[in-house]
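Structure, as structure tokens:
Letters A, B, ... are given to chains in the order of the sequence lines, protein chains preceding strands, and every chain is numbered from 1. Model, not experiment: these values are computed from the prediction.
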Amino acid sequence: MGLKRKDLLSLTNLSADDITLILETADSFKEVSGREIKKVPALRGKTVVNLFFEPSTRTRTSFELAAKRLSADVINFSPSSSSVVKGETLLDTARNIEAMQADIIVLRHSSAGAAETLARGVKSSVINAGDGWHEHPTQALLDLYTIRSRQMGFAGLRVAIVGDVAHSRVARSNIFALTKLGAEVRVVGPPTMIPLQISQLGVQVYHNLDEALRGVNVIMMLRLQLERQGRALFPTIREYARHYGLTGERVKLAEPGAIVMHPGPINRGVEIAPDVADSLSSVILDQVANGVAVRMGILYLMSGAG
Amino acid sequence: MTLLIQGGHVIDPGRVNGVADVLIENGTISAVGPALKAPAGATVIQAKGQLVLPGFVDLHVHFREPGFEYKETIQSGTAAAVAGGFTTVCAMPNTNPVNDNQAVTEFMLERAKAAGNAHLYPIGAITKKSEGKELAEIGDLRRAGCVAISDDGKPVMNSLVMRRAMEYARAFDVPVVDHCEDLHLSEGGCMNEGLVSTELGLPGIPSAAEDVMVARNVSLAELTGARLHLAHISTAGSVRMVREAKARGLKVTAEACPHHFTLTEELTRGYNTHAKMNPPLRTMQDVQAIKEGLRDGTIDVIATDHAPHATQEKQQEFTEAPFGIVGLETALSLTLALVDEGVLTLESAIDKLATAPAKAFSLNAGTLAVGAPADVAIVDPNREWQVDPSRFRSKSRNTPFAGWKVRGRVTTTIVSGRVVFELDRSERQA
């Protein structure tokens, strides 16, 4: 069994079986992180390059830990300025890395489609670690893993994704994967943050958070990019928090036992009240822990070792 | 030099549509009719089974010279033009320096003369450096040889400046050309805003960014009485507004590009940078509206917006890659496809490629009338070919039509009575 693909760029072209395979592979690696010696030799002799054109601490660290726990050699390459400014194209940068015999390139880039552009140009496997507003497939896979580890099935599962959906790669990847697995997805936010024609992707659109939360099993909060305030997407942080912030009262509108997720980093008191973030229903830190296991599973499958 | 084009199907829109001979003497058309006698020393071109047409007129090309000669030069651009049957081209002013003064205009005319391919008419800037603030010396630009004014690609956002430009341009009877785009609505956008941009996570350019500027410009044309020409309209809304403006008798003309009546935003999937142009590829509904606008005469002109870019520029990330595609060498075949589809008659297709554009900018071109400059395209309408960008005469290869099998090809192009392009000779040499 394997993924039978060179790259992991998007969740649109993974089948439900592919997703299940990744989650099951992650299961087998979950236990490694709990050992005293947190290492297995699965990727010994393989080289993983984290190519991050955008600052990211948690995703890069998560990939780095995952690769190291699989015994791969890991190089972090974070061009300080964009390739354009340096005069080198993304493709040239990547070909240089490929020339150093990288087996897997993990790419984070501010431009939607960058991972796809890169994958067309290099023989190394490319894993999309976030491309612009497009996708963040490994984040969605770790979200799925976290939901599944709470003994929730995906068919008929009601999930609310709340916040700036238009500018969120996390939202897109989760929408593509969850709808494929049979979940009922609601997207919630002011119309300025809901992209055109998104209902054609099989989701329901809400502009009122209280209505949207009724009966959901999973509440997925998105990070508010505070710098977008000047872009006329919302008037003030105060008003945003009041209408779209998740409070303890609002959590009660969801199904009993509903879980609260957030891809981090959280803005306490903006999209999520501090007591909710720290509550029993919050699985935010589980997501982080699961991220390493899921990325181990993905690296393992992509390396051809599977 | 005397040329006799024998036995072809001559189409001179509104005047001739049938088998005839065309006699060319001293650079002008001297006779069109059946069984013309070849004068002594005349070169005879056998055109049986082919179309003999007025050379095409492209109101919208970017030849990048001065300033961006690595993309295109006036030499290579006009060579691409004549290979596509275009004998007259109007070059946009977004060069470096911007064509906002007569020195740049004269330079461009000099280069075109030296190249000796197509006639080139520069379009001058509306405002200095196309910054949208102060009017350029429009009178001088006109006198130096500019045939229209435009800040193409950097549309004049300030409506008062646009009003003054339209008013001032009336003194010189020069058409004002606008690329209709509200730069606030389109800011950061790189494809049509809709389902596909939502799926791809790409910043979108809504149809409204074009529509609101078409509405503004039509209102200003009404206020000022200016001759308004709308560049590359791409939305159903634009077509509707132009149709209405014409019905009210305003002096408005409009052009559409082959890619906007042939392709939709679907081509953007896979982050194909050859599907990135401005205005962007729109939806099937928009394509249908453009076709209907061409059919019912709302859209007068087919123009290419020939926009060459170097390969490495188009190989960048989708959001970084520049807008635009080359179009001169594929426009005829894509237009003839509309004839096959029944959208246009052959005669109206030739009208939109040659006669109507010449009329929109008052150019002495686009007809085979006796006494007109002998600018002729001879076309084999049945010749099938595959688009191979490596054989383009343009310096650039950025086309979404690579590999397309198309029909209809220019076999001979004549400018001022001189054969400047022969397909079979040039293919042999290639």
Looking at every non-hydrogen atom in both residues, tell me the closest pair between Gly270(B) and Glu116(A) and how far apart they are. CA-OE2, 3.1 Å

How many angstroms lie between CG in Leu202(B) and CH2 in Trp133(A), if you round to the nearest 0.5 Å? 8.5 Å

State, to 0.1 Å, how close Phe318(B) and Ser111(A) come at their nearest heavy-atom pair, and which atoms those are. N-OG, 4.3 Å

CZ of Arg240(B): more than 12 outside heavy atoms within 6.0 angstrom? no

Could you tell me the separation between the OG atom of Ser10(A) and the CD atom of Glu199(B), rounded to the nearest 0.5 Å? 9.5 Å

Name the region of Pro203(B), side chain, backbone, both or neither, that has any atom closer than 4.5 Å to a heavy atom of chain A. both

With a 6.0 Å cut-off (strictly less than), is the heavy-atom count around NZ of Lys180(A), excluding the residue itself, greater than 12? yes

Among the listed options Ser168(A), Ser199(A), Ala114(A), Pro195(A), the residue most often paired with chain B at heavy-atom distances under 4.5 Å: Pro195(A)

Within the 4.5 Å heavy-atom criterion, are Tyr271(B) and His134(A) side-chain neighbours or not? yes

Nearest heavy-atom contact between Thr117(A) and Glu317(B) is OG1-CA, 4.5 Å

How about Thr198(B) and Leu201(A): do any of their side-chain heavy atoms sit closer than 4.5 Å? yes

Would you compute the distance between atom CD of Gln315(B) and atom CG of Leu91(A) and round it to the nearest 0.5 angstrom? 6.0 Å

For Lys123(A), I'd like to know if atom NZ has over 12 heavy atoms of other residues, nucleotides or ligands within 6.0 Å. no

Can you tell me how far CD of Gln316(B) sits from OG1 of Thr89(A), rounded to the nearest 0.5 angstrom? 7.5 Å

Using only atom types and a distance under 3.5 Å, with no angle test, would you say the side chain of Arg169(A) pairs donor to acceptor with the backbone of Gly201(B)? no

